[in-house]
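Everything below concerns the one structure shown next.
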Amino acid sequence: MVPPNWGAVFVDRLLAWYEENGRHGLPWRADDASPFDVLIAEFMLQQTSAAQVLNVYEEFVETYPTPESILETPQERLAEDIESLGLKKRTRYLYESSEQLVEDHDSTVPNSRSELLELQGVGEYTAASVLAHGFEKDVAAVDTNVARILSRVFDLDRENDPGANENWVIAEVLLPVGHSSDYIHALIDFGAEVCTASNPNCENCPANSVCEFHLSEEKFE
DNA sequence: AAAGCGGGGTG
DNA sequence: CACCCAGCTTT
């Protein structure tokens with residue numbers, strides 16, 4: 001059973017770790033990234049490592065800063081530009097969602113969850129990410145990294161399931177109001193570098209004293 | 001609920 | 001060589 005104050009302690013440790021060790025230089029996290037830039041980055045990052053996206057992101061958003069610029073380009077050309085990322089359907093999602101932005105949203109990115117979810121290729125995680133990073137909304141975003149972290153720290157029943165409502169509820173409860181973007185980035189970086197899927201670095205984890213997973217592991221040492 | 005997508009990096 | 005990566009759509 002997790003003591004009631006563990007959540008707050010965990011978030012404090014997480015944010016302190018992030019300030020010191022986070023991947024602050026990633027271009028799609030820049031303050032001047034537009035909501036459309038954020039949307040492009042989230043499309044690229046689906047099931048794709050940040051290192052791979054780094055190879056193509058900056059040139060892509062410079063070449064295609066608006067949905068119109070996507071639509072003016074043959075899909076074959078777009079496909080070449082992001083070929084190294086894999087997942088070929090991504091090109092169609094980029095193109096069709098750009099059509100939706102132009103036709104239904106006056107060429108802007110909508111700032112509501114329901115409208116974002118209507119876009120081709122946008123699911124719960126991507127919608128939440130755009131709201132947090134593009135519009136500074138106080139919403140949580142749960143991907144496989146976040147689901148894994150929360151499942152371990154709080155010993156959740158539906159382990160590592162980004163679709164489990166419990167993950168979203170906990171992520172929302174822990175959210176530091178006014179800092180959702182840093183909070184989400186912190187969770188993801190933490191999942192990529194400390195609380196990894198295989199061989200998590202519990203020994204050097206700043207939150208291991210408030211983690212059910214680590215404490216239960218210790219019992220079997 | 002489960003399968004399928006995908007190039008590139010890692011153990 | 002098998003497996004994973006800031007998920008989503010379709011069956």
Side-chain angles (χ1 to χ4, degrees), chain A residues 14 17-18 21-30 33 35-58 60-61 75-76 78-100 109 113-135 137 139-152 157-168 171 175 180-201:
Chain A
L14 171 74
W17 176 90
Y18 175 67
N21 304 288
R23 297 178 287 184
H24 301 288
L26 295 174
W28 49 90
R29 295 182 182 181
F36 188 66
D37 291 340
V38 172
L39 180 62
I40 296 294
E42 294 303 334
F43 270 128
M44 290 185 173
L45 287 163
Q46 289 174 4
Q47 283 295 287
T48 308
S49 67
Q52 276 175 280
V53 175
L54 264 180
N55 293 329
V56 302
Y57 172 79
E58 289 186 277
F60 192 92
V61 295
Q75 290 193 49
E76 194 174 71
L78 295 172
E80 289 175 12
D81 290 341
I82 60 173
E83 190 177 17
S84 65
L85 300 180
L87 288 177
K88 295 183 177 178
K89 276 189 199 167
R90 187 160 15 205
T91 301
R92 185 166 60 79
Y93 294 156
L94 263 176
Y95 193 88
E96 292 184 357
S97 62
S98 290
E99 283 184 323
Q100 290 173 284
V109 177
R113 170 181 170 275
S114 61
E115 289 175 302
L116 285 165
L117 287 176
E118 290 175 7
L119 300 176
Q120 189 63 239
V122 173
E124 291 286 354
Y125 171 76
T126 300
S129 292
V130 170
L131 291 175
H133 306 312
F135 296 105
K137 299 251 187 184
V139 298
V142 177
D143 72 331
T144 53
N145 285 296
V146 178
R148 180 179 63 253
I149 296 166
L150 298 179
S151 295
R152 284 175 176 164
D157 293 330
R158 291 179 63 184
E159 286 186 14
N160 307 346
D161 182 358
N165 190 56
E166 188 178 17
N167 279 301
W168 287 84
L175 190 152
S180 63
S181 185
D182 281 347
Y183 168 67
I184 294 168
H185 287 150
L187 283 166
I188 290 172
D189 287 2
F190 189 70
E193 299 182 14
V194 178
C195 196
T196 49
S198 58
N199 303 320
N201 192 356

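Order of the sequence lines sets the chain letters (A, B, ...), proteins ahead of strands, with each chain counted from 1. Computed from a prediction, not measured in an experiment: that's the story for all the values here.
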Practice prompt. Would you grab the first and last nucleotide of DNA chain B (5' to 3') that comes under 4.0 Å of any non-hydrogen atom in chain A?
Written response: dC5(B) to dG8(B)

Extract all donor-acceptor atom pairs below 3.5 Å that involve side chains of residues 114-124 of chain A and protein atoms in other chains or at least two apart in sequence.
| unit_1 | atom_1 | unit_2 | atom_2 | d |
| --- | --- | --- | --- | --- |
| E115(A) | OE1 | S112(A) | OG | 2.8 |
| E124(A) | OE1 | R113(A) | NE | 3.1 |
| E124(A) | OE2 | R113(A) | NH2 | 2.6 |

Fill in: Residue pairs involving residues 38-51 of chain A (criterion side-chain hydrogen bond (donor to acceptor under 3.5 Å, both in side chains); sequence neighbours excluded)
Q46(A)-T126(A), T48(A)-R90(A), S49(A)-Q52(A)

Discussion item. Distance check, C1' atoms only: dA6(C) and dA1(B), in whole angstrom units.
Written reply: 24 Å

Item to complete: Hey, which sits more toward the 5' end of DNA chain B by its nearest nucleotide, Y93(A) or N199(A)?
Response: Y93(A)

Worksheet item: Roughly how far, to the nearest 0.5 Å, is the CG atom of D81(A) from the CZ atom of F60(A)?
Response: 6.0 Å

Worksheet item: Rounded to the nearest 0.5 Å, what separation is found between the OG1 atom of T91(A) and the OH atom of Y95(A)?
Response: 12.0 Å

Can you give the donor-acceptor pairs under 3.5 Å from side chains of residues 190-199 of chain A to other protein atoms, not counting sequence neighbours?
| unit_1 | atom_1 | unit_2 | atom_2 | d |
| --- | --- | --- | --- | --- |
| T196(A) | OG1 | S198(A) | O | 2.9 |
| T196(A) | OG1 | N199(A) | O | 3.3 |

Discussion item. Restricting to salt bridge (charged side-chain N to carboxylate O under 4.0 Å, His left out), what partner residues turn up for E96(A), sequence neighbours left out?
Written reply: R92(A)

Item to complete: Would you give a per-nucleotide map of nucleotides 2-7 of chain C, 5' to 3', where B means the base has a protein non-hydrogen atom under 4.0 Å away, S means only the sugar-phosphate does, and - means neither?
Response: ---BBB

Worksheet entry | Sidechain-backbone polar pair: N145(A) side chain, L187(A) backbone, donor-acceptor under 3.5 Å | no

Item to complete: Take atom P in dG6(B) and the same atom in dT11(C), then report the distance between them in whole Å.
Response: 15 Å

Worksheet item: Which distance, rounded to the nearest 0.5 Å, do you find between the OH of Y18(A) and the CG of D189(A)?
Response: 5.5 Å

Worksheet item: How is V122(A) classified with respect to the nucleic acid when contacts are heavy atoms under 4.0 Å: base, sugar-phosphate, or nothing?
Response: sugar-phosphate

